[in-house]
Each structure stands twice: as C-alpha cells, then as structure tokens.
2 protein chains.
Amino acid sequence: MSAEDFKSAKEKFLAFIEGKGLRLTTQRMAIIDTVFSTEEHFTAEQLLDWSRQRDQSVSRATVYRTLPLLTESGLVSEMDFGKDHKYYDPNYAQHPNHNHIICQDCDRIVEFESEKIERLEDEITHNLGFSLKTQRIQINANCEELKKLGSCRNKDCR
Amino acid sequence: MSAEDFKSAKEKFLAFIEGKGLRLTTQRMAIIDTVFSTEEHFTAEQLLDWSRQRDQSVSRATVYRTLPLLTESGLVSEMDFGKDHKYYDPNYAQHPNHNHIICQDCDRIVEFESEKIERLEDEITHNLGFSLKTQRIQINANCEELKKLGSCRNKDCR
DNA sequence: GTGGGTGCAAAGTGTTTGCAAGTGT
DNA sequence: ACACTTGCAAACACTTTGCACCCAC
C-alpha cells in the first residue's frame with residue numbers, strides 16, 4: 001500500500017468518525033493507526049496486541065467497540081473463515097471483490113481476484129432471477145510444497 | 001430429494017458409522033433420521049429441536065457430538081454465512097461443489113453449481129502453490145422481480 | 001461542563017468436555 | 001462384560017455490556 005493510500009484510508013475513516021460526531025481519543029487513534037498501517041488480515045486479539053504497542057492503555061473492550069465502526073465505514077471488512085474468531089481485512093476498500101485461499105497447513109491467507117469468475121457469477125446470478133450485490137469466494141487448500149517436501153517455507157507455517 | 005436418494009444418503013452414513021466401529025444408539029438414529037429427511041439448511045439448535053420431536057431424550061451434547069461425524073462422512077457440510085451460529089447443509093453429498101446465492105430481499109438461499117468456475121478456481125489455486133481442497137462461493141443478491149414489480153413471488157419473501 | 005468514551009470485570013452466546021451412569025454389540 | 005455413548009452441568013473461547021470514572025470537545 002502506498003503512502004498515499006495509507007493517508008487516504010486513514011483520513012477517510014477520520015472523516016467518517018467526525019461525520020458521526022464521535023470523538024478522537026488517544027486509544028481510538030492508536031487502533032486506527034494500527035489498522036491503517038497494515039495490509040495483513042488480523043483478529044481482534046492481534047489488533048489489541050498491536051495497538052497496545054502504540055498505547056499501553058488500549059483495552060480489549062475498546063478494540064471490540066471500535067471494530068464495528070471500522071466495518072460500518074466500509075474501509076475494513078469482516079471475514080468469517082470458519083475459525084472460532086473473525087478476521088478483519090483492511091484491503092477491502094482497494095479491492096472490493098477479492099477472494100481468499102486459506103491454507104489448512106499454514107493458516108496463511110492469500111488473496112486473488114478473477115474477472116472471469118466474476119463474469120460467470122454475474123451471469124449465473126442473473127439467470128436465476130437475482131442481481132449480484134456482493135460475492136465472496138473461500139478456497140480451503142493445502143500447501144503443495146509441504147506435501148512434496150514435508151515442510152513449507154512460509155515463515156508462519158506450523 | 002427422491003426416496004432413493006434418501007435411502008442411500010442415510011445408508012451411506014450408517015455404513016460410515018459401522019466402518020468406524022461406532023454404535024447405533026436410539027439418540028443417534030433420531031438425529032440421523034432428522035438430518036436425512038430434510039433438504040433445508042439447519043443450525044445445531046434446530047437439529048436438536050427436530051430430533052427431540054422423534055426422541056425426547058436427545059440432548060444438546062449428543063447433537064454437538066454427532067455433527068462432526070456427519071461432516072466427517074462428507075454427507076453434510078458446515079456452512080458459515082457470517083451469522084453467530086453455523087449452518088449445516090444436507091445437500092452436500094449429491095452436489096459437493098454447490099454454491100449459494102443469498103437473497104437480501106427474501107432471505108432465500110438458492111444453490112448453484114458451475115464447472116467453469118470450478119476449473120478457474122482450481123487453476124488459480126494451483127498457480128499460487130496450493131492444491132484446492134474445498135471451495136465455497138457466497139453471493140449476496142437482490143431479487144430482480146422485486147425491483148421491477150415492487151414485489152416478489154417467492155412465497156417466503158419478506 | 002457534559003456527553004460520549006474508557007477500563008474492568010461480569011455476563012452472554014454458541015460450542016465443547018469431564019464425569020458417572022447407561023447401553024449396544 | 002466391555003467399550004462406546006449419553007445427559008448433565010461446568011468449562012471454554014470469543015465477544016458484548018453495565019458501571020463508575022474520565023476526558024475530548
């Protein structure tokens with residue numbers, strides 16, 4: 001993400017906050033800075049950890065109270081990969097149609113887009129009498145490298 | 001679902017159970033009968049209710065202990081529509097790759113399959129160094145009929 | 001100053017599990 | 001008989017919320 005994208009996503013959110021007449025507390029600012037300076041998918045707990053590195057006083061409750069604001073603003077999307085916790089995706093504003101491959105071995109999440117698939121989805125949906133509003137593809141996969149070599153070089157592979 | 005499909009899905013599961021050396025208790029039978037006599041997507045709680053109509057002694061714990069067997073057998077699939085509870089889909093055995101259109105107007109869930117999309121998904125996943133294990137597409141859509149006519153004839157349209 | 005915001009801890013919610021009693025094979 | 005199963009209730013993991021204090025505006 002370029003410095004300009006960073007600036008604009010964060011500023012969009014600040015404008016959103018201001019538009020709702022909400023306040024800019026130091027804790028919220030720490031959370032916002034954290035969210036808009038990463039490209040990774042994160043969980044509520046990770047966001048708490050990272051935010052606390054910026055401001056020790058951030059509490060779990062404030063993180064959980066801020067997340068709905070982020071998703072409501074449209075700048076972060078909530079993803080459910082079937083794990084016990086939700087993931088949050090800060091790349092949504094730039095790529096609203098991106099899809100996910102979730103590696104069962106690594107827990108790695110890889111994103112992809114495909115215009116061809118989008119076109120097919122649109123066609124099928126239309127033929128069934130609906131108009132496509134949003135779509136999402138989740139692919140659960142295995143790491144081929146792991147299968148072949150017995151290990152996998154993704155640094156967070158377990 | 002035809003009577004034959006009904007018979008075979010249930011029998012497949014009974015064979016699966018037997019193959020694992022597990023027992024056929026009356027409670028399990030009530031749950032199994034329930035699952036394989038519906039085409040609807042259901043939640044754990046609904047399955048408990050329905051099963052209790054067949055056998056009052058079925059407990060929540062047994063339902064939760066049976067669900068993993070059902071998904072493990074491949075005859076029922078676990079679906080996450082982003083709600084707080086999981087849905088289970090008993091149509092999986094016949095159509096292992098089916099996808100869902102969720103109508104925002106009707107709350108109707110329509111299923112579809114597409115070999116073309118499957119091929120594209122497989123290709124993309126492979127190119128990224130993974131092998132596709134399972135996939136799932138969710139399309140949130142609007143009802144075109146509703147948009148044009150101001151109402152929609154789906155009987156459960158709200 | 002005031003109304004929204006915060007941390008803490010308790011409460012919720014859906015799901016899982018330890019245990020002693022029960023039951024299919 | 002034996003090992004698998006069950007119901008119950010307690011335990012869990014993640015998320016939400018009530019409350020009294022706090023602070024951005």
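All chains are named by letter (A, B, ...) in the order of the sequence lines, taking the proteins before the strands, and each is independently numbered beginning at 1.
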Starting from [atom2] on [N], measure out to [atom1] on [X] and report it in whole angstrom.
X       : N      : atom1 : atom2 : result
B:Arg52 : D:dT6  : CZ    : C1'   : 13 Å
B:Asp55 : C:dG24 : CG    : P     : 11 Å
A:Glu18 : C:dG5  : CD    : P     : 14 Å
A:Leu48 : D:dT16 : CG    : P     : 14 Å
B:Arg28 : C:dT23 : CZ    : P     : 15 Å
B:Ile31 : D:dT5  : CD1   : P     : 12 Å

**Item:** Worked check of salt bridge (Lys or Arg N to Asp or Glu O under 4.0 Å) between A:Arg119 and A:Glu115
**Value:** CA-CA 6 Å; A:Arg119 263 199 301 274; A:Glu115 245 187 62; 3.3 Å; yes
**Request:** Return each pair, listed once, that meets salt bridge (Lys or Arg N to Asp or Glu O under 4.0 Å) where at least one residue sits in residues 60-79 of chain A; pairs must be two or more places apart or across chains.
**Result:**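 Listed by first then second residue: A:Lys20-A:Glu72, A:Glu45-A:Arg60, A:Glu78-A:Lys86.
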**Request:** Encode nucleotides 10-20 of chain C as B, S and - characters from 5' to 3', where the letter depends on protein heavy atoms closer than 4.0 Å: B to the base, S only to sugar-phosphate, - to neither.
**Result:** ----SSBBB--
**Asked** Which letter, B, S or -, goes with each nucleotide of nucleotides 20-25 of chain D from 5' to 3', with contact meaning a protein heavy atom under 4.0 Å?
**Response** ----BS
**Message:** List the residues meeting side chain to side chain contact (heavy atoms under 4.5 Å, CB included) with A:His126, not counting sequence neighbours, and say none if there are none.
**Reply:**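 If we apply the side chain to side chain contact (heavy atoms under 4.5 Å, CB included) test to A:His126, skipping adjacent residues, the hits are B:Glu144.
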**Request:** Would you please name every residue forming a side chain to side chain contact (heavy atoms under 4.5 Å, CB included) with B:Thr125, sequence neighbours left out?
**Result:**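 Scan of B:Thr125 (side chain to side chain contact (heavy atoms under 4.5 Å, CB included), adjacent residues dropped) gives A:Ile101, A:Ile139, A:Ala141, B:Phe130, B:Leu132.
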**Message:** Within the structure provided, determine whether A:Glu18 and A:Leu14 are in side-chain contact (heavy-atom separation under 4.5 Å).
**Reply:**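 A:Glu18 does not reach A:Leu14 side chain to side chain.
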**Test item: B:Ser37 side-chain N/O and B:Thr34 main-chain N/O as donor-acceptor pair under 3.5 Å** =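 The answer is yes, because a donor-acceptor pair under 3.5 Å joins these two groups.
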**Item:** Heavy-atom donor-acceptor pair, B:Asn142 side chain to A:Ser131 backbone, under 3.5 Å
**Value:**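 Not at all, since once roles are kept as given, no pair shorter than 3.5 Å links the two residues.
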**Request:** List in chain and number order the residues that pass salt bridge (Lys or Arg N to Asp or Glu O under 4.0 Å) with B:Arg54, two or more places apart in sequence or in another chain; answer none if no residue qualifies.
**Result:**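 B:Arg54 satisfies salt bridge (Lys or Arg N to Asp or Glu O under 4.0 Å) with no other residue.
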